[in-house]
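The block underneath contains the structure these notes are about, expressed in structure tokens.
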Amino acid sequence: MSEDQFMGNLYQRFPVTVEKGKAAHVWDVDGKEYIDCMGGYGVALVGHQNQRVNNAIKEQVDKIITVHSSLYNKTREEFLKTLIGLAPKGLTQVHLNNSGAEAIEAAMKFARKFTGKKGMIAMKGSYHGKSFGALSLTFNPKYRKSFTPLVEKVSFVSYGDIESLRSVIDDDTAFVILEPIQGESGIIVAPDGFLQQVRSLCDEKGILLIFDEIQAGLGRTGRLWACEHWNTAPDILCLAKGIAGGVPMGATLVKPEILDSISKGEHSSTFGGNPISCAAGTAALKALTEDGLIENSEKMGKLFREKLEELKEKHTMIREVRGKGLMIGVEMKFEVRDILMGLIKQGVLMLYSGRNILRILPPLVISEEDVSKVIHALDVTLTEEEQKRNVQG
């Protein structure tokens, strides 16, 4: 791959050169078709070449490409109204930025400024990004060890264990941050009642609660917001990935009193609120809420998990199937690299979490036919892998 000579060794790469995409499918330069269960790591939320998004981008390009937030822009205003109209209760203000890591960085600054406190609590198994602040809240040592010292005063507690959280809170704790469903660590779903317990504890102690729904939000789990599954709302909500249909965008939604604590010049973003991103964002939000994508996520996710449970009965390599909507993890008893390569041969692109977990994040437009084809491809690949291991054994 010619890109490798320019981009260094920063990414785990697969031997597929993607040329085009449509809905939940992509094609390589040789014309081979794949069902896309990677979805650009969850970015292709409303599908490749979503017509609403494409039309919005084309229309905006013919108007203007960039308008800094020191000036006003009607495209940005429309997006903000649309987003806030859908946001969890109380989140009526937003800082627009360009990525998930930037959304987290803004949340950290806002929370510390508003509370006047420095202490931060994140979860074991968390992933919030790789910029210095976001990395400080990310648990996995393999990402952190080469870049210490990071931002100080971060504590990590056991995900799902309210007493573990309670034990580290002190008078200088500014916020607690968590993913309602942990993505990078293998699609770990919050135990029932945990989010409500954290919300109650934060209220009791005067601590801000931040939800990172960069991967789990925007219909991915079969609800518009993952936190809806537990009827719980945060003080700050971080979004990115598919929010603008594939165009770079991040957003940090906050309660008004929090953003009011930030003075002019204390935080900004040159590209945040770019009109092209905002036009695409409005189109993506309309696609999610008006074209049945959230309902399809719930329906296809349920079908996926049912079929995967059937495969689990057939293939002892599968240890556990978990997730909500179209955010699904399949934990294996062995490393999944060969399985991913086998799926590529079968015309399926899929992600991984760690060494032994398949991660399924397809566009929310995926069809029942596509789900059946993915299950068949996985069945064939697992059978071949088992036969190979039997021969080697």
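This structure is a prediction, so every number in the text was calculated from the model and none was measured. All values below come from the heavy atoms of this structure, side chains included, with hydrogens, waters and symmetry mates left out.
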[X] side, atom [atom1]; [Y] side, atom [atom2] - distance, nearest 0.5 Å:
X	Y	atom1	atom2	result
Leu351	Ile187	CG	CD1	9.0 Å
Thr383	Met317	OG1	CE	10.0 Å
His95	Phe110	NE2	CZ	5.0 Å
Ile243	Leu83	CD1	CG	5.0 Å
Thr252	Leu239	OG1	CG	8.0 Å

Exercise. Do Tyr34 and His25 have their ring centres less than 6.0 Å from each other?
Worked result: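 Ring-ring flag for Tyr34/His25: false, centres at least 6.0 Å apart.
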
Is the shortest heavy-atom distance from the side chain of [X] to the side chain of [Y] under 4.5 Å?
X	Y	answer
Val254	Val94	no
Leu361	Met327	yes
Gln346	Ile344	no
Ile210	Val176	no
Leu178	Asp212	no
Arg144	Phe139	no

Hey, is the main chain of [Y] close enough, under 3.5 Å, to the side chain of [X] for a donor-acceptor pair?
X	Y	result
Thr82	Glu78	yes
Ser136	Val151	yes
Arg76	Gly273	yes
Gln60	Ile64	yes
Thr381	Leu378	no
Ser185	Ser126	no
Asp28	Asp30	yes
Trp225	Leu86	yes
Arg359	Ile328	no
Asp172	Lys118	yes

For this session: Begin from the C-alpha positions of Asp235 and Arg199 and carry the test salt bridge (charged side-chain N to carboxylate O under 4.0 Å, His left out) through to its verdict.
Result: CA-CA 9 Å; Asp235 301 299; Arg199 175 73 275 177; 2.9 Å; yes

For this session: Just do the salt bridge (charged side-chain N to carboxylate O under 4.0 Å, His left out) check on Glu77 and Lys74 with the steps written out, would you?
Result: CA-CA 5 Å; Glu77 180 182 324; Lys74 286 295 183 180; 3.3 Å; yes

Exercise. Between Arg13 and Met7, which heavy-atom pair has the shortest distance, and what is it?
Worked result: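 Looking at all heavy atoms of both residues, the closest pair is NH1-SD, 4.2 Å.
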
Exercise. If you take all heavy atoms of Phe79 and Leu96, which pair is closest and at what distance?
Worked result: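 Result for this residue pair: CE2-CD2, 3.7 Å.
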
Exercise. Does atom CZ of Phe334 have more than 12 heavy-atom neighbours, drawn from other residues, nucleotides or ligands, at distances under 6.0 Å?
Worked result: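 Above 12, so yes.
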
Exercise. With a cut-off of 6.0 Å (strictly less than), are more than 12 heavy atoms of other residues, nucleotides or ligands near NZ of Lys81?
Worked result: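 Open: at most 12 neighbouring heavy atoms sit under 6.0 Å from NZ of Lys81.
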
Problem set entry | Contacts of type salt bridge (charged side-chain N to carboxylate O under 4.0 Å, His left out), residue Glu320, not counting sequence neighbours |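 Checked Glu320 against salt bridge (charged side-chain N to carboxylate O under 4.0 Å, His left out); matches are Arg322.
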
For this session: Please determine which of Lys286, Arg52, Gln51 meets the side-chain hydrogen bond (donor to acceptor under 3.5 Å, both in side chains) test together with Asp291.
Result: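 Running side-chain hydrogen bond (donor to acceptor under 3.5 Å, both in side chains) over Lys286, Arg52, Gln51 with Asp291 returns exactly one hit, Arg52.
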
Would [X] and [Y] count as having a side-chain donor-acceptor pair, cut-off 3.5 Å?
X	Y	answer
Thr270	His68	no
Glu3	Tyr11	no
Lys22	His48	no

Please determine if [X] and [Y] form a salt bridge, counting it only when a charged side-chain N lies under 4.0 Å from a carboxylate O.
X	Y	answer
Lys373	Glu369	yes
Arg220	Glu213	no
Glu59	Lys63	yes
Glu266	Lys109	no
Asp170	Lys117	no

Please table the atom pairs, donor to acceptor, closer than 3.5 Å between any side-chain atom in residues 160-168 and protein atoms at least two apart or in another chain.
from, atom 1, to, atom 2, distance (Å)
Asp161, OD1, Glu163, N, 3.1
Asp161, OD1, Ser164, N, 3.2
Ser164, OG, Ser158, N, 3.1
Ser167, OG, Ser164, O, 2.7

For this session: Quick one: which residue pairs count as a side-chain hydrogen bond (donor to acceptor under 3.5 Å, both in side chains) with a foot in residues 292-306, not counting sequence neighbours?
Result: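 Found none.
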
Exercise. Quick one: is the NZ or CZ of Lys241 closer than 6.0 Å to the six-membered ring centre of Tyr41, and within 45° of its axis?
Worked result: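 Judged by the rule (NZ or CZ under 6.0 Å from the ring centre, within 45° of its axis), Lys241 is not positioned above Tyr41.
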
